[in-house]
Structures are given as C-alpha cells and as structure tokens.
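Predicted model only: the values in this text are computed from it and were never measured.
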Amino acid sequence: MTPITEVAGRRLALSNLEKVLYPATGFTKGEVLHYYATTADALLPHLRDRPVSFLRYPDGPGGQVFFAKNVPPGAPDWVTTAEVPRSEGPARMVVVQDLASLMWAANLVTEFHTPQWVVGAPERADRIVFDLDPGPPASVVECCEVALWLRERLAADGITAYAKTSGSKGLHLLAAVGPTPSERVTEYAKGLAVAAERAMPKLVVHRMTRSLRPGKVFVDWSQNAARKTTAAPYTLRARPEPAVSAPVTWEEVEECRSARHLTFLATDMAPRIQDYGDLLAPLFDAGAAGSLP
C-alpha cells in the first residue's frame with residue numbers, strides 16, 4: 001500500500017520508499033525524498049517562478065532516463081503550472097513553488113532543470129551560465145582553471161560569478177544580470193568562450209565538436225538560449241552515486257587538485273548548508289545584477 005503523507009497541508013502518495021535507486025551506495029528512494037525535504041529551503045528559491053524540465057530516472061541511473069517537459073499525467077491540481085512558448089507551439093509546464101510541489105516532483109525521481117528566465121518573461125534572461133565540460137583526460141581540475149579566468153573576465157565587465165559543480169564531471173558558472181534578451185546573453189557568453197579559447201588554446205574549446213575536445217574544457221555558452229535548460233543548484237543527478245550539483249566557494253575552486261575535491265553527495269549537503277548557507281543566494285539580489293557591456 002502506498003503511504004499517504006501530509007506535506008505543508010497537502011496530501012501526497014509517496015511510493016516505493018525502500019527501492020534502491022543508487023546501487024553503488026545503496027541510496028534509496030526514501031533517502032532521495034529525505035534529501036529534498038532537508039535541502040528545500042536552499043533549493044526552492046532556485047526553482048521558484050521558473051518552468052521545470054524533469055530528467056526522470058525512476059529505476060535509477062542504470063534504467064530508463066528520459067526528459068519530460070510537459071506537466072506529467074496525474075499531477076495534482078494544486079501544483080502550479082504555466083504556459084510557456086516553444087518553437088512547436090505553447091506548452092504547459094510545472095513551476096515548483098513550494099515544499100509540497102517539490103516533494104511531489106521528487107517522488108517522480110527526477111533531476112530538476114531550469115531555463116535562465118522566469119515565467120512571464122520568456123526569452124529575457126536574468127541569469128548567465130557557462131557549463132564547463134572536461135574532455136578526458138581533462139577533469140574538473142582543468143575546469144577550475146578555466147572558471148577562474150572567466151570569473152576575472154566577467155568581473156572586468158562588472159558581473160559577479162558564482163560556481164557550482166555540475167554533479168557530473170564539470171563545473172557551472174552562474175551570474176545574475178538585469179533582464180536581457182536571451183539572444184544578447186548568448187552572444188555575450190559565446191564571445192567570452194571564444195576569448196577563453198584564444199587566451200588558453202591548449203586548454204579551452206568553444207565548439208561542441210567531439211574531435212576537438214579530448215584533454216580540453218568545452219566552455220558551453222549555448223545554455224543561455226531561451227530554449228535551453230541547465231541542472232538546477234542542489235539537484236541530485238542520475239549518476240552511479242547520489243551526486244549533487246553543489247554550490248562551491250571560490251577558495252574550493254582555487255584549491256582543487258583532484259576530481260574528488262569537488263564531488264559532493266547528498267549526504268554532504270546538510271553540513272555544507274549549515275556551514276555556508278546558500279552560496280548562490282547573492283543571485284537573488286536584484287541590486288547586484290550585472291549589465292552586459
């Protein structure tokens with residue numbers, strides 16, 4: 001029998017709590033739900049008002065993994081949804097606004113992915129993002145070197161960048177900007193990626209071409225496009241271990257000497273949040289948002 005739980009005044013059916021989703025560590029679905037419940041205060045502001053794409057892995061990372069952008073069948077009527085534009089026509093997507101909605105979505109077993117704009121202002125980005133993806137044998141160590149260069153280059157334009165792990169192999173850089181057409185943000189991000197490649201030609205590539213990427217860091221600027229999404233801060237990833245896309249300090253980036261130094265699992269996050277709070281909280285300070293040159 002599926003247990004019924006009350007979350008913030010909403011009744012939820014939470015299923016298969018003993019199911020092992022991460023065989024490498026024995027991490028269960030119940031532990032996944034506990035993780036999201038205990039990190040909700042840090043996570044929810046990064047989801048709020050943004051249409052969410054779900055990367056679902058209901059049988060764990062080794063099972064079927066698939067993207068779901070439309071509102072899933074059977075979604076409770078109290079879950080907020082919004083109509084968003086798409087090239088193939090408008091679609092209705094979930095907007096995770098509160099703890100009950102977060103727990104309902106987490107019960108689907110999903111990564112949370114969001115665009116760089118909020119509902120009501122599609123195609124006007126309030127974030128700029130760089131996804132630093134290492135091509136083996138490069139690792140997150142090389143990503144950190146590139147991240148530090150990009151931080152300084154952004155700072156020269158009056159834009160303050162913050163870092164988080166991708167929860168996979170690489171690193172994400174985020175910065176707040178005043179609402180700006182996504183095309184303009186994409187153009188600016190591409191310009192910085194090209195400049196990084198020119199400054200560090202043996203380390204950086206700005207094109208996605210696979211043959212160019214071994215041993216280099218691909219600076220993916222394209223996730224600033226209005227149609228693209230990026231893994232949200234604090235989301236679990238569909239990896240062998242319950243890895244998290246975790247905010248990190250610039251000191252941690254500067255001191256990174258191996259991939260393990262910037263690998264964080266679900267069990268690491270409660271003490272990190274207790275020690276640091278949300279390292280990405282400055283992204284919500286409208287007064288601190290940068291302007292593109």
Close side-chain approach of Val204 and Trp149, heavy atoms under 4.5 Å: no
Side-chain donor/acceptor of Thr229 to backbone N/O of Val52, under 3.5 Å: no
Trp221 side chain to His206 backbone, donor-acceptor under 3.5 Å: yes
Contact list for residues 117-135, test side-chain hydrogen bond (donor to acceptor under 3.5 Å, both in side chains), sequence neighbours left out: Arg50-Asp126, Asp131-His172, Asp131-Gln223, Asp133-Arg213
Nearest-0.5 Å distance that lies between atom CD1 in Ile159 and atom CG in Leu292: 5.0 Å
Between His46 and Phe112, ring centroids under 6.0 Å: no
Test item: Lys29 side-chain N/O and Leu108 main-chain N/O as donor-acceptor pair under 3.5 Å: no
Leu102/Leu44 under side chain to side chain contact (heavy atoms under 4.5 Å, CB included): CA gap, chis, key distance, verdict: CA-CA 8 Å; Leu102 174 63; Leu44 278 170; 4.1 Å; yes
Co-members of Tyr162 in a cluster of I, L, V, M, F, W and Y side chains, linked at under 4.5 Å: Val129, Leu174, Leu280, Leu283
Ser168/Arg237 under side chain to side chain donor-acceptor pair (under 3.5 Å): CA gap, chis, key distance, verdict: CA-CA 7 Å; Ser168 181; Arg237 304 303 303 266; 5.9 Å; no
Contacts of Arg86 that satisfy salt bridge (Lys or Arg N to Asp or Glu O under 4.0 Å) - sequence neighbours left out: Glu88
Closest contact, heavy atoms only, Pro58 versus Lys19: O-NZ, 3.1 Å
Test item: Trp250 side-chain N/O and Leu148 main-chain N/O as donor-acceptor pair under 3.5 Å: no
Cation-pi check, Arg10 onto Trp104 ring (under 6.0 Å, within 45° of axis): no
Those residues that, when tested against Ala289, pass side chain to side chain contact (heavy atoms under 4.5 Å, CB included) (two or more places apart): Ala176
Backbone N/O of Ala246 and side chain of Thr165: donor-acceptor pair under 3.5 Å: yes
Members besides Phe284 in its Ile/Leu/Val/Met/Phe/Trp/Tyr cluster (side-chain heavy atoms under 4.5 Å): none
Test salt bridge (Lys or Arg N to Asp or Glu O under 4.0 Å) applied to Glu252 - qualifying residues, sequence neighbours left out: Arg272
Leu154 backbone acceptor or donor facing Asp157 side chain under 3.5 Å: no
